[in-house]
Amino acid sequence: MTQPNVRVRFAPSPTGPLHVGGLRSALFNWLFARHHGGTFILRIEDTDRKRYDPEALSDLLENLRWLGLDWDEGPEVDGDYGPYFQSERLDLYQKYARDLVESGHAYYCFCSPERLARLRQEQQQRKESILGYDRHCRGLDPAEAADRVAAGEAHVVRLKMPLDGQTTFHDLIRGDITVDNSTQDDLILLKSDGYPTYHLANVVDDHLMRITHILRADEWISTAPRHVQLYRALGWEMPAIAHLPVVLDPSGKGKMSKRKKLGPGGREFPVHVRDFRAAGYLPEAMFNFLALVGWSYDDHTELMTREEIIERFSIERITPAPAAFNYDKLDHMNGVYIRGLAADDLADRLMPFLERAGFATDRETVKRIVPLIQERMKRLDEAPGLVDFFFVEELPDYDPALLIPKKLDASGAHVLLGQARGVLAEVSPFTQETLETALRGLAEAMGVKTGQLFTPVRVAVCGRRVAPPLFGTLEVLGRERVLKRIDLALEKLKAIER
RNA sequence: GCCCCCAUCGUCUAGAGGACCAGGACAUCACCCUUUCAAGGUGGAGACAGGGGUUCGAAUCCCCUUGGGGGCACCA
């Protein structure tokens, strides 16, 4: 059953590069909207002037588009409920803040940040069970307070929370959640610089933008009761709400770090979406994987197309439990998607990675190499390390001992490699098929195992033992370079013979 | 410290009282395939945090304990 009038939003704060956790929230909102044929809105919550990062917006838009999350209303597309930047809606928030003060639901507070800091410190020292604002200004005479405001005294606007009783709200994922009002303090709605806090801006905009469902991160649960009271104070109906489970770091301990990459075991884990891109994760793999962080379809289906996920997505199947971000599984899934790519497509996607590695490459060559490495990659950034020897004229120095296969010595390897050189000089055409036939024939003729013959050849042309399949490699390399490298290898072997 | 949320293999999860001596996936181990490495195939090990209830019957419902997470800003 779909509800086409569904309106959801992703409302990030442009304070830094987009984080995977944020992307997951965006994805779930987008999926919910697309599933219902509703509207997905992008709203920029740029109300924190201190943490504002001018580069964050382009990073955000670029990375949402990378994953294929298009928005129906928001930056660069506009819509009927704009503006979509909160910094352009200041008069609105100020108006509602004023209304709330006038209706007695909010009050002016003149406490200085210093006083609040001291208060907090004292509360902590005294190990008070309830921390938070002590409502010092709540009892001020409204007329007097208004005069002080008119006189230009610095102030904020705070919401009057009920002093007793309870607040309950219904979370679509967790059911009813109830808290005692005595544990809640009077949150700030309007800061002294005239900007709204998240709480006010969020509620005002969700209402004005006709948001029907709020899907936001877990960490907002604790403020939800105060949001409920804010809606009540404004006389508005609150949208349906669901709190998505947080994304934990790979160890499963602690929320995924926002700023630094963490690396248990020495490994560096990307957390910013742009870093996932740079590591060579495919957007389609990322999309599929991220959909499964906190949501599942059934007991066995994991690989799904974008369309299938849209079709199957539902809030009912979101788990309430926090989920660790499993990089191993992402890698695996990315490998599956890489293997599923058409060779041309993969070649195109590989180009930037090879260019960045400094290889003088061309698309045609890359297309020929792709079949050799396609099933050997989990991430695109592994490609350069796999194919470096294709893009140099001369191999970097390597240990001659690598040329010697099992059960042979240097002179034995020398003989085999010499014979192989003879064959490789003659084979025509110089293709994978003919090369394989010829070299296998040689191994048989010489009475050695194929591995014993192929190992020295592989090392001679690649400079290492672990490499892509030999015959295809030889073909792409071409006869000239192959023979040159073998000659060099023969010299190396000669030098260690005795 | 206080409030809130959560709790099935190492990790992600299926499970909405009997179909479960708990299924799938990643990782891991063994074997097969094989020119190395992969990929692929087969098989193995591996979990209902603990304790009380409710019930003829509990992974599934309730309570307590424990553990984990989140929050307690003029940040979102």
Side-chain angles (χ1 to χ4, degrees), chain A residues 11-15 45-48 50-51 109 111-113 116-117 120 123-124 126-133 154-158 171 173-174 177-180 182-185 187-193 195-199 201-202 217-225 243 245-246 248 250-255 289 292-303 316-317 319-333 335 339 373-378 386 405 436 439-440 443 449-455 457-459 462 464-471:
Chain A
S13 182
T15 53
E45 308 222 331
D46 53 349
T47 56
D48 184 347
K50 291 188 198 78
R51 292 199 305 152
C109 167
C111 293
S112 67
L116 298 176
R120 199 171 314 132
Q123 287 173 334
Q124 274 162 0
R126 275 184 266 133
K127 297 205 161 116
E128 285 184 19
S129 60
I130 295 172
L131 278 56
Y133 181 56
H155 64 279
V156 300
V157 174
R158 286 184 186 269
D171 182 288
I173 297 171
R174 290 152 225 276
I177 295 174
T178 302
V179 299
D180 288 333
S182 62
T183 63
Q184 310 284 308
D185 69 353
L187 51 74
I188 292 178
L189 302 176
L190 206 62
K191 303 183 240 182
S192 58
D193 62 3
Y195 276 65
T197 58
Y198 167 83
H199 312 289
N202 186 262
D218 203 328
E219 63 234 46
W220 291 109
I221 291 183
S222 58
T223 42
H243 290 93
V246 281
L248 267 25
S251 68
K253 297 174 186 170
K255 192 164 75 154
F289 178 79
L292 261 15
V293 176
W295 175 82
S296 65
Y297 175 58
D298 60 16
D299 63 342
H300 65 280
T301 311
E302 297 203 315
L303 290 169
E316 291 69 48
R317 295 200 59 88
T319 31
F325 194 97
N326 190 340
Y327 284 85
D328 280 336
K329 193 158 180 169
L330 203 215
D331 278 358
H332 170 262
M333 192 172 273
R339 273 173 255 135
I373 59 168
Q374 184 156 17
E375 62 190 34
R376 265 159 264 265
M377 278 184 295
K378 287 192 160 85
L386 251 24
E436 177 158 7
L439 286 176
R440 282 188 189 282
K449 294 201 168 179
T450 46
Q452 288 180 300
L453 176 63
F454 298 167
T455 293
V457 177
R458 174 178 300 109
V459 173
C462 301
R464 54 173 186 253
R465 285 207 165 167
V466 175
L470 184 57
F471 311 111

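Per chain, numbering begins at 1; letters A, B, ... match sequence-line order.
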Of the nucleotides [options], which one has an atom closest to the side chain of [X]?
X	options	value
A/I177	B/C12, B/A76, B/C5	B/C5
A/L131	B/G71, B/C72, B/A38	B/C72
A/V179	B/U11, B/A14, B/C4	B/C4
A/E375	B/A39, B/C75, B/C74	B/A39
A/A321	B/G70, B/C6, B/U13	B/C6
A/T197	B/A76, B/U11, B/C6	B/A76

Do you know which two heavy atoms are closest between [X] and [Y], and how far apart they sit?
X	Y	result
A/K378	A/H332	CE-CA, 4.3 Å
A/I173	A/H243	CD1-O, 3.4 Å
A/D46	A/Y195	O-CE2, 4.1 Å

Give one of base, sugar-phosphate or nothing for [X], where a contact means two heavy atoms less than 4.0 Å apart.
X	answer
A/T47	sugar-phosphate
A/P196	sugar-phosphate
A/P225	nothing
A/V246	sugar-phosphate
A/G294	sugar-phosphate
A/Y195	nothing
A/K50	sugar-phosphate
A/P245	nothing
A/T15	nothing

Rounded to the Å, how far apart are [X] [atom1] and [N] [atom2]?
X	N	atom1	atom2	answer
A/L248	B/G71	CG	P	11 Å
A/L470	B/A38	CG	P	17 Å
A/R465	B/C37	CZ	P	11 Å
A/D185	B/A73	CG	P	7 Å
A/Q123	B/A73	CD	P	9 Å
A/I373	B/A38	CD1	P	16 Å
A/D180	B/C2	CG	P	14 Å
A/K449	B/U36	NZ	C1'	15 Å

Donor-acceptor under 3.5 Å ([X] side chain, [Y] main chain):
X	Y	answer
A/D171	A/I177	no
A/T223	A/W220	yes
A/R174	A/P320	yes
A/D180	A/S182	no

Whole-angstrom distance between [N] and [M], as gauged at atom [atom1]:
N	M	atom1	result
B/G10	B/G50	P	13 Å
B/A30	B/C37	P	14 Å
B/C48	B/A59	C1'	4 Å
B/G23	B/C2	C1'	41 Å
B/G15	B/U66	P	30 Å
B/A58	B/G17	C1'	6 Å
B/U60	B/U8	P	12 Å
B/C33	B/A38	C1'	13 Å

Note, A/P469 side chain near A/E436 side chain (heavy atom, < 4.5 Å): no
Which atoms of nucleotides 43-48 of chain B (N or O only) lie under 3.5 Å from a protein N or O atom, and what are those distances?
none

Filtered N/O pairs between nucleotides 21-25 of chain B and protein, under 3.5 Å:
| unit_1 | atom_1 | unit_2 | atom_2 | d |
| --- | --- | --- | --- | --- |
| B/G23 | N2 | A/D299 | O | 3.1 |
| B/G24 | N2 | A/E302 | OE2 | 3.4 |
| B/A25 | O2' | A/E302 | OE1 | 2.8 |
| B/A25 | N3 | A/K329 | NZ | 3.1 |

To the nearest 0.5 angstrom, please state how far the [atom1] atom of [X] sits from the [atom2] atom of [Y].
X	Y	atom1	atom2	value
A/T197	A/E45	OG1	CD	10.0 Å
A/F289	A/Y327	CZ	OH	8.5 Å
A/R440	A/F471	CZ	CZ	5.0 Å

If [N] has a Watson-Crick or G-U wobble mate with both distances under 3.5 Å, name it; if not, just say none.
N	value
B/C74	none
B/C56	B/G18
B/C31	B/G41
B/A25	B/U11

Tell me whether the OP1 or OP2 atom of [N] has a side-chain N or O from [X] closer than 4.0 Å.
X	N	answer
A/R317	B/G15	yes
A/S296	B/A14	yes
A/R120	B/C72	no
A/K378	B/C37	no
A/R339	B/G40	yes

What I want to check is whether an N or O donor and acceptor connect the side chain of A/R174 with the base of B/C5 at under 3.5 Å. no
For the base of B/C3, is there a side-chain donor-acceptor partner from A/T183 under 3.5 Å away? no
Would you say NZ of A/K449 has more than 12 non-hydrogen atoms from neighbouring residues, nucleotides or ligands within 6.0 angstrom?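 It does not: A/K449 NZ has 12 such atoms or fewer within range.
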Are more than 12 heavy atoms from other residues, nucleotides or ligands located less than 6.0 Å from atom OH of A/Y133? yes
Between A/C111 and A/P320, which is nearer to the 5' end of RNA chain B once each is assigned its nearest nucleotide?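 Result: A/P320.
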Distance alone, cut at 3.5 Å: any donor-acceptor contact between the side chains of A/D298 and A/T301? yes
